[in-house]
Visitor: 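Sharing a structure, written as structure tokens. Questions coming.
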Amino acid sequence: MENLVKKVTGIEFLTGERNKNDASKVVRENLIKPYVSKNWKRHEKALVKGTDLGIPFYNSKNDTMYILFGDTFSVNRQRGSVMAISRDYDLSDGLTFDGYYNKNNDGYADELITTVLDKTWQTEDTKIPQGGIEIDGNVYIFYEAIRCWAPVGRWFVNYQNVLKSTDNCKTFEKVYDLTWFPETSGEYFEIAKKFAEQDMNLNDSGVTIDNKEDRKAPYFAQMYPVDGMDGYVYLFGRKAGRQHGIKSARVKKENIEIFTEYEYYLGNDKSQNPIWVKGYEGLKALDNDEVGFVLATNEDEPTSNMSVMFNKYLNKWMLVYFRPEKVDENGNKIYTNSVGFRLSDVPYGNYGEYHTILTEEFFKEGDHYAFMEAKWNYDKPASPFYGAFVHEKYTEENGKTFYLILSLAGAIYNSILLKVELE
């Protein structure tokens with residue numbers, strides 16, 4: 001297989017330091033590249049001391065990029081999500097933030113999606129954004145509501161929902177009809193229904209979500225949207241955690257707020273034409289571990305947070321994701337933790353051969369030493385990194401060079417900006 005990746009270079013950490021007595025010491029003493037974020041003064045004021053993800057989306061209405069982060073920490077404070085704002089499109093020297101989503105104009109990074117933060121893990125622990133898109137001046141942010149975490153790359157989701165803004169991300173409201181449930185039975189489904197029908201302030205909204213039992217969508221617990229440039233928005237869905245593959249759906253742009261207008265991809269027919277099934281029937285047909293995966297091999301390959309963009313240089317759709325290591329039944333490693341991409345002629349797949357961008361060795365050698373062993377309170381090490389976020393606006397030479405945002409785990413809990421050059 002041809003190696004399409006020529007060079008990968010670390011640019012900077014995107015946010016602040018989680019623990020000044022621990023993680024920042026690692027940065028100061030061991031880190032050569034990438035450098036500490038040039039936004040560090042803004043992070044200090046915003047109380048963003050450590051965060052993950054960093055999912056960019058573009059709003060053409062005000063020519064602005066928004067970057068979605070997940071669980072965010074500072075001293076004695078946690079937020080489930082924050083959103084940075086930027087108009088910097090030259091990332092060669094790092095990514096400059098203009099600020100964060102903030103309700104009071106005081107520089108603080110407000111929580112984007114209000115969450116319960118129930119540490120008993122019986123109701124709702126956090127809400128994590130998965131992607132955003134602007135359509136005709138309206139912004140839609142897809143997020144997962146997480147009930148609780150489990151060991152190493154596993155967690156449980158109550159529901160998937162969407163926020164809408166009509167004023168350039170100054171305020172948001174829930175689109176109640178756009179609610180998918182991983183499960184539609186049992187005691188936790190009753191909890192999920194209750195929380196899904198709450199308003200942005202966690203109060204009773206008075207809204208009833210219709211046909212809740214027909215909204216079972218285990219493969220759409222996490223959803224990433226992209227403009228297919230053909231009149232459709234395409235959604236890439238995954239089960240909760242990082243143990244399962246990717247499936248896809250689509251909806252006409254003008255119908256994005258109507259749940260029953262979404263069509264679900266079941267694979268191709270004998271003539272290699274895509275099979276789309278709309279609404280509840282499509283969800284039922286896709287609730288199957290054998291059909292609908294976007295990889296050319298139709299594999300249920302484990303994936304982490306992912307992103308999709310059209311790369312003009314390659315003239316292909318590019319699906320970028322973290323691929324967890326895989327071992328055989330005897331414990332022998334088939335492949336190691338890595339980030340890479342697959343290519344397709346159409347946005348929904350099928351995506352072909354895997355091209356490696358980097359493995360964990362990248363963070364252990366030379367100028368890019370930034371990796372400390374990621375041992376959470378579980379019985380085996382977690383991955384040192386996860387997530388893989390790109391955008392057409394963050395490219396050079398039509399995509400021959402693109403910038404990648406990646407999350408680091410362990411002693412350094414942060415998102416890192418990388419430059420990727422193709423052959």
Side-chain angles (χ1 to χ4, degrees), residues 1-14 31-35 37-38 54-56 58 65 67 88-96 226 294-297 301 303-326 333-347 349-371 383-408 414-423:
M1 180 179 66
E2 179 186 4
N3 182 12
L4 295 180
V5 177
K6 178 180 179 181
K7 185 179 179 181
V8 182
T9 307
I11 304 297
E12 68 166 350
F13 285 122
L14 287 183
L31 188 62
I32 300 174
K33 291 181 181 178
Y35 301 104
S37 173
K38 65 180 180 180
I55 309 166
Y58 178 66
M65 295 295 293
I67 300 94
D88 180 9
Y89 298 102
D90 178 7
L91 274 58
S92 61
D93 61 346
L95 175 57
T96 299
V226 68
V294 302
L295 304 187
T297 55
E301 178 179 300
T303 57
S304 179
N305 308 76
M306 41 73 57
S307 58
V308 175
M309 74 172 184
F310 185 75
N311 188 304
K312 292 181 180 179
Y313 173 71
L314 298 173
N315 196 31
K316 300 282 186 181
W317 289 91
M318 173 182 285
L319 186 153
V320 188
Y321 65 101
F322 165 68
R323 183 167 74 167
E325 71 175 24
K326 184 176 182 180
K333 189 176 293 187
I334 299 174
Y335 49 74
T336 189
N337 292 312
S338 68
V339 167
F341 62 86
R342 295 176 184 265
L343 302 173
S344 174
D345 292 327
V346 290
N350 290 320
Y351 285 85
E353 293 179 285
Y354 184 78
H355 299 271
T356 300
I357 296 174
L358 60 84
T359 70
E360 59 192 58
E361 296 301 316
F362 176 86
F363 295 105
K364 296 180 180 179
E365 299 176 350
D367 286 352
H368 297 108
Y369 178 83
F371 163 60
S383 166
F385 54 88
Y386 55 93
F389 307 114
V390 297
H391 196 279
E392 290 93 337
K393 289 288 185 179
Y394 290 162
T395 63
E396 299 170 4
E397 299 180 87
N398 287 324
K400 185 176 183 181
T401 294
F402 62 91
Y403 291 87
L404 170 72
I405 298 173
L406 191 68
S407 293
L408 295 183
N414 209 316
S415 293
I416 189 173
L417 179 66
L418 301 163
K419 180 179 180 179
V420 182
E421 299 172 63
L422 302 177
E423 294 286 357

Visitor: Got a donor-acceptor contact below 3.5 angstrom from the N311 side chain to the G399 backbone?
Guide: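 A pair under 3.5 Å: yes.
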Visitor: Please identify each residue that fulfils side-chain hydrogen bond (donor to acceptor under 3.5 Å, both in side chains) with S304, with sequence neighbours left out.
Guide: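 S304 satisfies side-chain hydrogen bond (donor to acceptor under 3.5 Å, both in side chains) with R242 only.
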Visitor: Mind checking what makes side-chain hydrogen bond (donor to acceptor under 3.5 Å, both in side chains) contact with S338, not counting sequence neighbours?
Guide: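 Counting only residues at least two positions away or on another chain, S338 forms a side-chain hydrogen bond (donor to acceptor under 3.5 Å, both in side chains) with Y354.
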Visitor: Can you give each donor-acceptor pair under 3.5 Å made by side-chain atoms of residues 415-423, sequence neighbours left out, with the distance rounded to 0.1 Å?
Guide:
unit_1	atom_1	unit_2	atom_2	d
S415	OG	L53	N	3.3
S415	OG	L53	O	2.4

Visitor: Report the residues that fulfil side-chain hydrogen bond (donor to acceptor under 3.5 Å, both in side chains) with Y321, sequence neighbours left out, ordered by chain and then residue number.
Guide: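 By the side-chain hydrogen bond (donor to acceptor under 3.5 Å, both in side chains) rule, Y321 matches E301, R342.
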Visitor: Please list, chain by chain and in numerical order, all residues satisfying side-chain contact (heavy atoms from CB on, under 4.5 Å) with S307, sequence neighbours excluded.
Guide: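 By the side-chain contact (heavy atoms from CB on, under 4.5 Å) rule, S307 matches Y224, V320, F389, V390.
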Visitor: Would you please name every residue forming a salt bridge (Lys or Arg N to Asp or Glu O under 4.0 Å) with K333, sequence neighbours left out?
Guide: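 For K333, the residues satisfying salt bridge (Lys or Arg N to Asp or Glu O under 4.0 Å) (neighbours in sequence not counted) are E325.
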Visitor: With a 4.5 Å heavy-atom cut-off, do N337 and T359 have their side chains touching?
Guide: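 No - every pair of side-chain heavy atoms lies 4.5 Å or more apart.
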Visitor: Identify, with sequence neighbours excluded, every residue that meets ring-ring contact (aromatic ring centres under 6.0 Å, His included) alongside Y335.
Guide: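 With sequence neighbours excluded, Y335 shows a ring-ring contact (aromatic ring centres under 6.0 Å, His included) to no residue whatsoever.
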Visitor: Quick test of your reading: applying side chain to side chain donor-acceptor pair (under 3.5 Å), list the pairs with at least one residue in residues 390-399, sequence neighbours left out, ordered by first then second residue.
Guide: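 Output for this query lists E396-Y403.
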Visitor: Y313: what forms a side-chain hydrogen bond (donor to acceptor under 3.5 Å, both in side chains) with it, not counting sequence neighbours?
Guide: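 Listed in chain order: nothing, the list is empty.
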Visitor: Start with the C-alpha gap between L319 and V294, add the side-chain angles, then the distance that decides, and say whether side chain to side chain contact (heavy atoms under 4.5 Å, CB included) holds.
Guide: CA-CA 10 Å; L319 186 153; V294 302; 3.9 Å; yes
Visitor: Quick one: ring-ring contact (aromatic ring centres under 6.0 Å, His included) partners of F402, sequence neighbours excluded?
Guide: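 With sequence neighbours excluded, F402 shows a ring-ring contact (aromatic ring centres under 6.0 Å, His included) to no residue whatsoever.
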